[in-house]
Participant: 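Here it is, the structure in full.
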Protein chains: 2
Amino acid sequence: MKKIEILAVLCLAGYTTSYAQNAAVKGFTTEAATKQLQTEKEFDKHLSNVRVGQNIKELAARPHHLGSPGGKAVAQAVLQKFKEYGWDAKIETYQVLFPTPKARLLELIYPTRYVAKLKEPAFAEDATSGQDGQLPTYNAWGADGDVTGELVFVNYGLPDDYIQLEKLGIDVKGKIVIAKYGRSWRGIKPKVAYEHGAIGCIIYSDPKDDGFYQGEVYPKGPYKNDQTVQRGSVMDMVIYPGDPLTPDVGATAKAKRLERSEAQTILKIPVLPISYGDAQPLLAALGGPVAPAEWRGALPITYHVGPGKAKVHLKIEHNWDLVPAYNVIAKIKGSQYPNQWVVRGNHHDAWVNGADDPVSGLAAQLEEARAIGLLVKAGYKPKRTLVYAAWDGEEPSLLGSTEWVDDHADELKEKAVAYINSDGNSRGFLGAGGSHALEVFTSEIAKNVIDPLTGVSVFERKRANDAVKAASAKAQRAILKKDTLSLGALGTGSDYSAFLQHLGIPTLNLGYGGEDGGGDYHSIYDSYDDYVRFKDSSFVYGVALAQTAGRAVLRLANADVLPFDFASLGKVINQYETEVKQLADQLREKYNAENQLIKSNSYKLAADPKDKFIASAPKPDVPAFDFAFFDKTIQRLKLSASALNSISVKALTNPKLAAKFNNAVYQAEKSLLIAEGLPKRPWYRHSIYAPGFYTGYGVKTLPGIREAIEQNNWDEARQQITIATKAVDRLSTLLENITQGQ
Amino acid sequence: MKKIEILAVLCLAGYTTSYAQNAAVKGFTTEAATKQLQTEKEFDKHLSNVRVGQNIKELAARPHHLGSPGGKAVAQAVLQKFKEYGWDAKIETYQVLFPTPKARLLELIYPTRYVAKLKEPAFAEDATSGQDGQLPTYNAWGADGDVTGELVFVNYGLPDDYIQLEKLGIDVKGKIVIAKYGRSWRGIKPKVAYEHGAIGCIIYSDPKDDGFYQGEVYPKGPYKNDQTVQRGSVMDMVIYPGDPLTPDVGATAKAKRLERSEAQTILKIPVLPISYGDAQPLLAALGGPVAPAEWRGALPITYHVGPGKAKVHLKIEHNWDLVPAYNVIAKIKGSQYPNQWVVRGNHHDAWVNGADDPVSGLAAQLEEARAIGLLVKAGYKPKRTLVYAAWDGEEPSLLGSTEWVDDHADELKEKAVAYINSDGNSRGFLGAGGSHALEVFTSEIAKNVIDPLTGVSVFERKRANDAVKAASAKAQRAILKKDTLSLGALGTGSDYSAFLQHLGIPTLNLGYGGEDGGGDYHSIYDSYDDYVRFKDSSFVYGVALAQTAGRAVLRLANADVLPFDFASLGKVINQYETEVKQLADQLREKYNAENQLIKSNSYKLAADPKDKFIASAPKPDVPAFDFAFFDKTIQRLKLSASALNSISVKALTNPKLAAKFNNAVYQAEKSLLIAEGLPKRPWYRHSIYAPGFYTGYGVKTLPGIREAIEQNNWDEARQQITIATKAVDRLSTLLENITQGQ
């Protein structure tokens with residue numbers, strides 16, 4: 001550990017020299033930038049990888065899920081730390097619904113009997129793996145139920161898989177499906193199964209995706225052993241996240257609640273996650289056709305689809321309790337603009353011990369808070385108010401953060417300049433996603449943070465990795481030439497959703513990773529021992545995250561002119577528009593070809609005459625969509641954004657202009673919100689970013705247009721083009737209003 | 001079986017009606033075409049799927065490899081049949097070298113001990129699987145040897161795999177490699193291993209490629225069980241096929257022979273094929289890095305590359321005997337052009353029983369011969385001489401056919417109009433490859449043969465399948481629009497090599513398949529029982545092959561004007577030229593990008609700092625190649641071919657012109673031969689088609705140019721462009737000479 005600590009210091013030294021040559025910081029006058037960089041240098045000095053490790057060890061010492069004694073203890077420990085660090089901290093408590101398992105039974109009852117173990121064993125190599133108080137393996141928000149039926153293997157359980165099943169003549173109505181984890185957020189699988197008439201859903205981790213196929217299994221290596229299970233929420237979070245009983249309002253003790261039966265986001269069928277050890281006897285018993293090649297995993301069996309032979313019995317009961325969610329909220333008041341808030345958050349609840357998820361991110365955030373506290377003690381005064389949050393109940397679908405945002409919505413709409421999120425963190429490359437108006441800002445930070453193990457900036461290291469991994473020589477050269485980082489677009493899966501997608505608050509999500517196998521995810525093996533052996537062993541990427549998110553917070557807090565750049569956003573919207581146009585064109589070409597294949601009888605002639613032939617239904621014609629106004633509007637946004645960028649430079653030396661600029665720009669993203677929300681899910685209001693209705697975590701950009709096309713709803717696509725055009729128009733108008741008269 | 005026989009007849013009835021509307025047959029006057037179609041109708045009537053099945057059962061009743069008593073018996077049975085059918089038949093015998101195993105030992109000696117079984121078990125479901133006289137599992141033409149060394153897993157054992165190994169810092173020098181079957185001809189694997197310094201090579205069938213991953217295993221299903229082994233030759237056949245001791249001359253008893261040590265095509269290291277049951281303990285014992293994702297198979301282990309831990313001992317000894325190869329040669333003398341030969345062949349030797357490979361093709365060929373015999377008895381007189389051959393020793397690398405071609409080279413150069421080959425045959429789609437001057441001819445036949453199970457022409461069924469399987473909607477539409485079949489280009493792997501690639505005789509290779517799993521290939525389970533259960537159960541595709549190859553023979557034999565069309569060849573050469581240009585362009589782009597990644601230190605920055613970094617060597621600059629003359633020459637060929645096509649129509653009514661045309665066109669392909677042969681392998685002389693130096697069976701078109709570019713030999717690429725240009729030029733001159741003065 002020592003050796004790496006020295007290396008980190010050496011790198012920082014090199015880095016100091018290099019950025020001293022370039023004192024420009026976006027949004028700061030030259031003088032202020034010099035001071036800011038000095039502050040950041042002080043900030044870095046206060047960060048210690050050793051302390052990050054100690055915090056991980058301490059906070060992951062016991063199971064600490066939402067509603068558990070361990071969870072409450074962690075919230076109090078975090079509160080205590082913020083207070084020690086000099087912050088004005090308190091716990092804000094909400095009463096949220098949280099199902100925990102009362103009964104879980106899965107058995108193969110025909111043609112042979114096998115009772116699933118549903119239990120992860122403890123290992124001597126993992127000190128916390130045998131502790132009491134662990135949540136059993138389960139998926140929160142599945143229904144209670146006692147069902148028996150034939151089993152059908154549905155690959156990853158996504159809509160395309162059911163199209164394949166239809167081609168094979170297989171219907172899951174009245175059956176229990178078994179799906180592999182992966183390729184979508186897990187909650188999509190039982191939702192789609194239910195849409196197709198299934199009465200139960202089993203989800204397992206195939207060793208091909210996470211198990212011996214990937215590498216050595218736990219405890220020898222990091223990958224899932226044959227009994228490891230991924231817990232997790234299956235709430236229909238793409239409708240809305242947070243407490244199912246209190247959509248749109250904070251789940252305070254006296255909040256008006258829906259009946260459980262009215263809550264749209266609770267599933268209608270029982271769901272159970274299992275290990276590949278438990279899945280193998282079930283899958284091996286299946287008859288029916290051999291699974292398509294892309295469906296097969298790494299178990300030593302011939303994968304069949306079923307139905308036939310295998311019959312299973314699944315019984316699930318939950319305790320449907322209201323439990324307290326403890327959000328720790330810590331503040332340092334802004335010296336000049338106390339009503340402009342820079343909000344920073346990471347959750348503290350885990351499925352079990354959660355050393356990686358979420359404690360590795362939380363420990364970095366605490367290290368930031370500590371360093372900022374020391375800066376303040378030494379006289380540093382952030383101009384804007386800092387709000388640091390440690391959220392509870394993220395795992396069961398963003399309960400703590402969503403309820404807090406609902407509860408404080410009016411204040412946040414007025415005051416929140418940006419929200420900066422993190423979650424589990426590990427070794428590797430910077431991952432950065434969020435509002436594209438912050439892309440230039442984030443790039444600048446990435447060039448100022450040094451990768452602890454290679455000594456180059458995290459920007460440079462990420463670019464190198466992106467270039468090496470790129471699919472074509474052309475893409476490789478393009479990436480090497482690029483001097484800015486590309487922010488990813490955000491879907492969901494961590495606490496930023498309510499901020500970005502419900503309220504339109506500019507958001508960043510930051511973390512390091514990409515070099516570690518992840519078999520511990522949501523299992524009892526997400527422990528300190530696992531983290532030290534297989535992840536950020538010396539915690540130096542914890543420091544890197546603190547440096548990255550810390551800079552984001554400190555620069556937003558102290559900028560003379562807020563560092564938004566809407567030209568990047570304009571470019572990105574243009575790119576998304578090109579994508580949805582191509583999507584329609586490709587769908588048109590694909591459907592045309594498919595219809596020709598149907599008409600020419602080709603599918604039938606290509607099929608094996610031994611098999612029963614299932615005719616495909618003809619595909620609809622894909623109309624031409626009129627993107628002309630949207631094109632124009634995006635061009636207008638680019639021009640407005642470019643004009644505004646000139647103003648932002650002027651504002652550096654014109655405090656009145658700066659005030660006008662600042663007050664307006666952090667509100668600008670809200671003009672992209674759609675008042676009525678997205679089709680079928682009004683809670684999601686951002687016209688540019690949303691989690692996919694059938695992907696979950698995976699983002700859909702221009703979601704209204706894109707999903708309407710994907711779902712062959714041409715009228716809705718036309719409406720959504722108009723809606724997105726108006727949203728971009730509103731943003732342009734807002735930006736032009738700032739520029740006007742300057 | 002009966003039901004299908006009726007169906008076949010119904011189909012034929014429909015087909016008779018449909019082709020009666022279109023009496024045009026390429027190369028025939030209208031009158032002659034009507035007669036020809038009548039002849040073909042009679043021919044079809046003589047074909048019986050039941051008899052095809054009986055022949056398969058009879059000829060696959062015992063093991064009958066080259067040099068075995070069973071092999072001699074099959075040759076004599078085939079001779080007898082030809083004689084019965086009224087052909088002038090004899091056996092031509094050659095004395096060829098053929099190694100058979102004397103000792104085979106493979107054992108894991110560290111860290112645990114495991115002795116490989118090397119034995120396929122007999123099953124009650126397979127009547128011939130327990131017979132005496134089976135060749136043990138082995139690879140012919142590996143060296144004798146007794147080696148002990150560390151094991152390294154090399155994926156499929158191809159050059160790119162060794163590039164990956166180099167990136168991992170792994171050297172196979174002095175080690176024993178284990179490679180998966182597949183992705184190349186098997187002989188490439190030990191050859192490349194030897195080039196990299198390995199001292200032994202083990203080849204196994206991974207269950208992902210052929211085993212439980214694909215479907216049920218034998219005897220429950222057709223795929224390889226855990227003890228099934230693929231035998232096969234590993235001769236360095238891409239240098240030259242046939243008897244290693246007699247390159248370029250027939251291996252008659254008194255032929256001058258090389259010493260065994262002088263024979264370039266015998267390998268220098270011992271090689272052994274094994275089952276996945278025997279491979280698993282070896283692979284499971286390997287240490288070293290986890291294998292790259294694309295390398296991993298379906299065994300329930302973490303695939304490692306090694307070296308480390310696993311040490312193996314491999315001992316192989318052979319009997320290096322000269323054995324007699326019995327080619328059965330049957331003739332019917334041409335009535336008008338006895339010195340123009342239509343040659344047709346299929347081998348008769350098998351690795352063991354060989355019901356599929358080769359007997360299913362041989363049985364169809366015998367059925368053709370029988371039907372032609374009956375036509376002749378009824379008064380039919382082929383204008384040209386028919387030569388039907390049943391080759392011996394194909395399995396150990398085309399021994400029988402190559403020696404016969406060497407022995408009769410002068411006569412064949414003068415007389416052979418075309419060679420039509422077949423081999424194992426099964427259910428499914430027409431596969432047709434060969435000389436592109438015969439593409440239009442083959443298309444016409446494919447439209448005249450009815451698929452026995454669907455009732456449409458085999459052309460239509462193949463097009464439907466090609467369209468459905470095509471990668472893009474654009475490709476699908478293009479295929480549906482196409483009214484001609486695309487002939488594949490031929491590499492090697494069956495008896496056509498000496499005809500096409502050594503002598504430049506126009507060649508077709510025909511067969512049906514694509515609907516059956518092939519785990520029996522080169523194992524003791526390639527039996528009648530397996531064939532009936534899992535392949536062409538009712539033998540109707542045997543009849544389809546007889547109809548297809550039979551039409552090719554009868555039309556070539558009786559055409560007024562030989563049905564060559566060099567316009568198709570011109571188009572195809574143009575397409576190959578485009579491909580090699582693109583290959584150079586893509587390589588240039590790829591190497592440029594790689595060099596930029598190296599220069600920018602990206603590989604190092606993207607690598608995991610925990611691992612030892614192996615720097616890549618910079619790639620050479622890819623120069624621009626001058627294709628201008630080649631372009632012009634190909635355009636000239638297209639013009640000459642088009643002019644010649646007009647002449648071929650004129651010739652139908654002008655016997656003198658027809659004679660001039662016919663005598664010249666079947667010789668035309670020889671102008672594409674390169675006198676000095678291809679670089680490093682002068683035996684292969686065709687400038688357009690050759691087996692790949694590092695793919696084996698897989699063809700390389702424009703092989704001289706393509707392989708020089710692939711191997712980064714820029715000077716050779718330039719020379720080969722000139723050489724190919726001259727070859728195409730010669731062909732154009734020849735075609736223009738026919739046209740001149742008409």
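Values reported hereafter were calculated over all heavy atoms of this structure, with side chains retained and with hydrogens, waters and symmetry mates removed.
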Participant: Checking heavy atoms, do the side chain of B:Ala607, its backbone, both or neither come under 4.5 Å from chain A?
Facilitator: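 Contact with chain A involves the backbone of B:Ala607 alone.
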
Participant: Kindly give the heavy-atom pair with the smallest separation between B:Val290 and A:Gly215, and that separation in Å.
Facilitator: CG2-CA, 4.2 Å

Participant: Contact part of B:Pro207 toward chain A, heavy-atom cut-off under 4.5 Å: side chain, backbone, both or neither?
Facilitator: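 No part of it gets close to chain A.
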
Participant: Note each donor-acceptor pair with a separation under 3.5 Å, taking one atom from chain B and one from chain A.
Facilitator:
{"residue": "B:Phe212", "atom": "O", "partner": "A:Thr302", "partner atom": "OG1", "Å": "2.7"}
{"residue": "B:Tyr213", "atom": "O", "partner": "A:Arg296", "partner atom": "NH1", "Å": "3.0"}
{"residue": "B:Tyr213", "atom": "OH", "partner": "A:Ala293", "partner atom": "O", "Å": "3.4"}
{"residue": "B:Gln214", "atom": "OE1", "partner": "A:Arg296", "partner atom": "NH1", "Å": "3.4"}
{"residue": "B:Gly215", "atom": "O", "partner": "A:Thr302", "partner atom": "OG1", "Å": "3.3"}
{"residue": "B:Glu216", "atom": "OE1", "partner": "A:His304", "partner atom": "NE2", "Å": "2.9"}
{"residue": "B:Glu216", "atom": "OE2", "partner": "A:His304", "partner atom": "NE2", "Å": "3.1"}
{"residue": "B:Ala293", "atom": "O", "partner": "A:Tyr213", "partner atom": "OH", "Å": "3.4"}
{"residue": "B:Arg296", "atom": "NH1", "partner": "A:Tyr213", "partner atom": "O", "Å": "3.0"}
{"residue": "B:Arg296", "atom": "NH1", "partner": "A:Gln214", "partner atom": "OE1", "Å": "3.4"}
{"residue": "B:Thr302", "atom": "OG1", "partner": "A:Phe212", "partner atom": "O", "Å": "2.7"}
{"residue": "B:Thr302", "atom": "OG1", "partner": "A:Gly215", "partner atom": "O", "Å": "3.3"}
{"residue": "B:His304", "atom": "NE2", "partner": "A:Glu216", "partner atom": "OE1", "Å": "2.9"}
{"residue": "B:His304", "atom": "NE2", "partner": "A:Glu216", "partner atom": "OE2", "Å": "3.1"}
{"residue": "B:Arg427", "atom": "NH1", "partner": "A:Asp608", "partner atom": "OD1", "Å": "2.9"}
{"residue": "B:Arg427", "atom": "NH2", "partner": "A:Asp608", "partner atom": "OD1", "Å": "3.0"}
{"residue": "B:Arg427", "atom": "NH2", "partner": "A:Asp608", "partner atom": "OD2", "Å": "2.5"}
{"residue": "B:Arg461", "atom": "NE", "partner": "A:Leu605", "partner atom": "O", "Å": "2.6"}
{"residue": "B:Arg461", "atom": "NH2", "partner": "A:Leu605", "partner atom": "O", "Å": "3.3"}
{"residue": "B:Arg461", "atom": "NH2", "partner": "A:Ala607", "partner atom": "O", "Å": "2.9"}
{"residue": "B:Lys474", "atom": "N", "partner": "A:Glu589", "partner atom": "OE2", "Å": "3.4"}
{"residue": "B:Arg477", "atom": "NH2", "partner": "A:Glu589", "partner atom": "OE2", "Å": "3.2"}
{"residue": "B:Glu589", "atom": "OE2", "partner": "A:Lys474", "partner atom": "N", "Å": "3.4"}
{"residue": "B:Glu589", "atom": "OE2", "partner": "A:Arg477", "partner atom": "NH2", "Å": "3.2"}
{"residue": "B:Leu605", "atom": "O", "partner": "A:Arg461", "partner atom": "NE", "Å": "2.6"}
{"residue": "B:Leu605", "atom": "O", "partner": "A:Arg461", "partner atom": "NH2", "Å": "3.3"}
{"residue": "B:Ala607", "atom": "O", "partner": "A:Arg461", "partner atom": "NH2", "Å": "2.9"}
{"residue": "B:Asp608", "atom": "OD1", "partner": "A:Arg427", "partner atom": "NH1", "Å": "2.9"}
{"residue": "B:Asp608", "atom": "OD1", "partner": "A:Arg427", "partner atom": "NH2", "Å": "3.0"}
{"residue": "B:Asp608", "atom": "OD2", "partner": "A:Arg427", "partner atom": "NH2", "Å": "2.6"}

Participant: At a heavy-atom separation under 4.5 Å, does B:Leu480 approach chain A through its side chain, its backbone, both, or neither?
Facilitator: side chain

Participant: Which region of B:Ala291, side chain (C-beta onward) or backbone (N, CA, C, O), has a non-hydrogen atom less than 4.5 Å from a non-hydrogen atom of chain A, or is it both or neither?
Facilitator: neither

Participant: At a heavy-atom separation under 4.5 Å, does B:Ile479 approach chain A through its side chain, its backbone, both, or neither?
Facilitator: neither

